[in-house]
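To start, the structure itself, in C-alpha cells.
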Number of protein chains: 2
Amino acid sequence: MTEAKRPRVPREKAQEIILNAAEELFYQEGIHAVSVDAIVERAGMNKMSVYRQFSSKTDLILAYMTRKQDVFWQEWEESIAKHPNRPREQLIQFFADLAERATNEQFRGCCFINVAVEFPDPVHPVRELVCSHQKRIRNAFLDRTTALGTANPCELAYTLILLMEGTYADSQTYGTDSAAIRMVPAIVEKVLDQALHN
Amino acid sequence: MTEAKRPRVPREKAQEIILNAAEELFYQEGIHAVSVDAIVERAGMNKMSVYRQFSSKTDLILAYMTRKQDVFWQEWEESIAKHPNRPREQLIQFFADLAERATNEQFRGCCFINVAVEFPDPVHPVRELVCSHQKRIRNAFLDRTTALGTANPCELAYTLILLMEGTYADSQTYGTDSAAIRMVPAIVEKVLDQALHN
DNA sequence: TAAGTTTGTTACTGAGTAGTAACAAAGCGT
DNA sequence: ACGCTTTGTTACTACTCAGTAACAAACTTA
C-alpha cells in the first residue's frame, strides 16, 4: 500500500478553489456568519494555504466581491447582447433575466447590498467597492436610457435602478414565490413606454 | 461622604433602557456585529439585568424588530392621515416622507431586509417575523391601490413596493447624497398617474 | 423586625474567532 | 546530489462571544 500522499496545489489553482468556497459561503450565509475556518473546510484546504493567498479575511471578502462584480457585468452584457442597438428591448431583457435569477432557490439578493448591510462603516474598503460598483451600474443604466432618446433619461434610469434594487430585496423575503418579481418585466415595459410616449 | 449606592431599576424601566440601546446598536451596526456585552455597556447596565429580561440574544432581536415594526406602522399611519380618503395623495405623501427619512444621516435602510440579509435560514424565528411584516405591508399597499380604483391594483401595489424597497437599498450606498431617492416622490406620482389614466 | 423577592456584581465556562510560528515534505533548478 | 522555494500540517496565541453560577445588597410585604 502506498502511503498517504500530500498532494500539492499550485498558487493559482489554490486561489480559485478558495474563492469558489468563499463565494458560496459568503453569499449564502453572509460575511460575518462565515468563519475563515469554514471556508478552509469547504475548500478542503489548509488554513495556511488560505492565508498565503489572502493576507486577511477582508482581503478574501474583497476578492469575493471583485469576482461577483465580474459576474454582474457578464450577465448585463449577455442581456444587452441579445438585442443589439435596441435599448428598449435590452432593458426589458435585462429585467426578464434578472427576474428569472431572482426566483431561483440559491438566489440571496444583491451581494453588494448585502455586504453594505453588514459593513456600515462608510470608509471600510469593502464599502468603497460597493459604492464604486453602484456608480458603474448607474452609468450603465444612464447610457441605455440616453440611447432610448427619452425626454428625461436620468429619471428613467433612477426608476429602473430602484426597481432593480427592489427586486433584489423582494427575493430575500419571498424567495421563489414572489408575485412582484414575476411582474417585474411587465412593470418595466410599462415604465419604459410611458417614458417614450411622454 | 455617602457610600457608592447601587441604584435599582425595576423590570419595565430596565426593559426599555435595554431595548433603546439594542435598537440603536442593532440598526446602526448590524446584528452579528453587535455583542450582548456592547448592548450592556451602551445601556449602562449589567449583563444579568439583560438576561433576566430577555432569555437570549435572539429574544432581544425579536423584541427589537417588534419595536421597529410599530415604528413603521406609526409612520405609515401618519403619512396616510395627512390626506383622508385620498389614496393618491396618501401614497405620494408616504414616499415623500420616506425619501426624507432615507436621506438622514442615521438612516440605515429597512431593518427587516437588513435582518433577512444576516439570517438566511428561512425557518429562523426572526425570518418569519420579517416575512409576516412584509405581507402586512403588501396588504396595506393593496388596500390603498384598490381604493384608488385603478384597473390593475395588484400590479401597481407591487410596483410601489419595489420602489420602496429600492429606496431603502439605495440609501445604503449613497446615503444622504442619493439623487434617485430625491426623485422618488416625482417617480411615484408618474407611476400613479399612468395607472389612473390607463 | 423578619422572611422572601428582586436586582447588582463578579467571576466564570466553553466554544468560537482571526491570524501565526515552526517544522516537515514536496518540487525545482543547478 | 545539492540548496532553495513552495506547500502541507500541527499546534498554538490572544481575543471575543453567548450565557450562567453564586452571592451581596436593596426593596417589599408581613
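In what follows, chains carry the letters A, B, and so on, assigned in the order in which the sequence lines appear, proteins first and then strands, with residues in each chain numbered from 1. Quick caveat, the model's predicted, so the values are computed rather than measured. Atom set for the values below is all heavy atoms of this structure, side chains included, hydrogens, waters and symmetry mates excluded.
Residue S49(B) has no polar side-chain atom (N or O) positioned under 4.0 Å from OP1 or OP2 of dT7(C). Residue S35(B) places none of its side-chain N or O atoms closer than 4.0 Å to OP1 or OP2 of dT16(D).
Nearest heavy-atom pair, N114(A) versus G109(A), reported as atom, atom and distance to 0.1 Å: ND2-C, 4.4 Å. Between A21(B) and R42(B), the shortest heavy-atom distance links the atoms CB-CG, 3.5 Å.
Distance from the side chain of K57(B) is smallest for dG19(D) among the nucleotides dT9(C), dG19(D), dG8(C). You'll find that the side chain of V36(A) is closest to dA18(C), out of dT9(C), dA18(C), dT20(C).
Identified under the ring-ring contact (aromatic ring centres under 6.0 Å, His included) test for residues 45-65 of chain B, with sequence neighbours left out: F26(B)-Y64(B).
Side-chain polar atoms of D97(A) and Q93(A) form a donor-acceptor pair below 3.5 angstrom. Side chain to side chain, Q172(A) and R108(A) meet the donor-acceptor criterion of an N or O pair below 3.5 Å.
In this model, a side-chain donor or acceptor of R8(A) finds a partner on the base of dT6(D) within 3.5 Å. K47(A) contributes a side-chain N or O that forms a donor-acceptor pair with the base of dG19(C) under 3.5 Å.
Checked against a 6.0 Å centroid threshold, the rings of F119(B) and H32(B) count as neighbours.
dG8(C) atom P lies 13 Å from atom CZ of R11(B), rounded to whole Å. In this entry the distance linking CD1 of I39(B) with C1' of dC17(D) reads 12 Å, nearest Å. Residue D37(A) contributes atom CG, which lies 10 Å from atom P of dG16(C) at whole-angstrom precision. The separation between E41(A) atom CD and dG16(C) atom C1' is 14 Å, rounded to whole Å. Remark: P of dG19(D) and CZ of F54(B) are 13 Å apart, rounded to the nearest angstrom. Atoms NE2 (H32(A)) and C1' (dA18(C)) sit 13 Å apart, rounded to a whole Å. Rounded to a whole Å, the CD atom of E12(A) is 15 Å from the C1' atom of dT7(D). Rounded to an integer number of Å, the gap from L25(B) CG to dA18(D) P is 12 Å.
For the pair K68(B) (side chain) and E23(B) (backbone), a donor-acceptor distance under 3.5 Å is absent.
Looking at heavy-atom distances under 4.0 Å, M45(B) makes no contact with the nucleic acid at all. Within the 4.0 angstrom heavy-atom criterion, base atoms lie near R52(A).
Toward the 5' end of DNA chain C, the nearer of the two residues Y51(A) and P10(B), judged by each one's closest nucleotide, is P10(B).
Residues from residues 118-130 of chain B lying near DNA chain C, meaning a heavy-atom separation below 4.0 Å, are absent.
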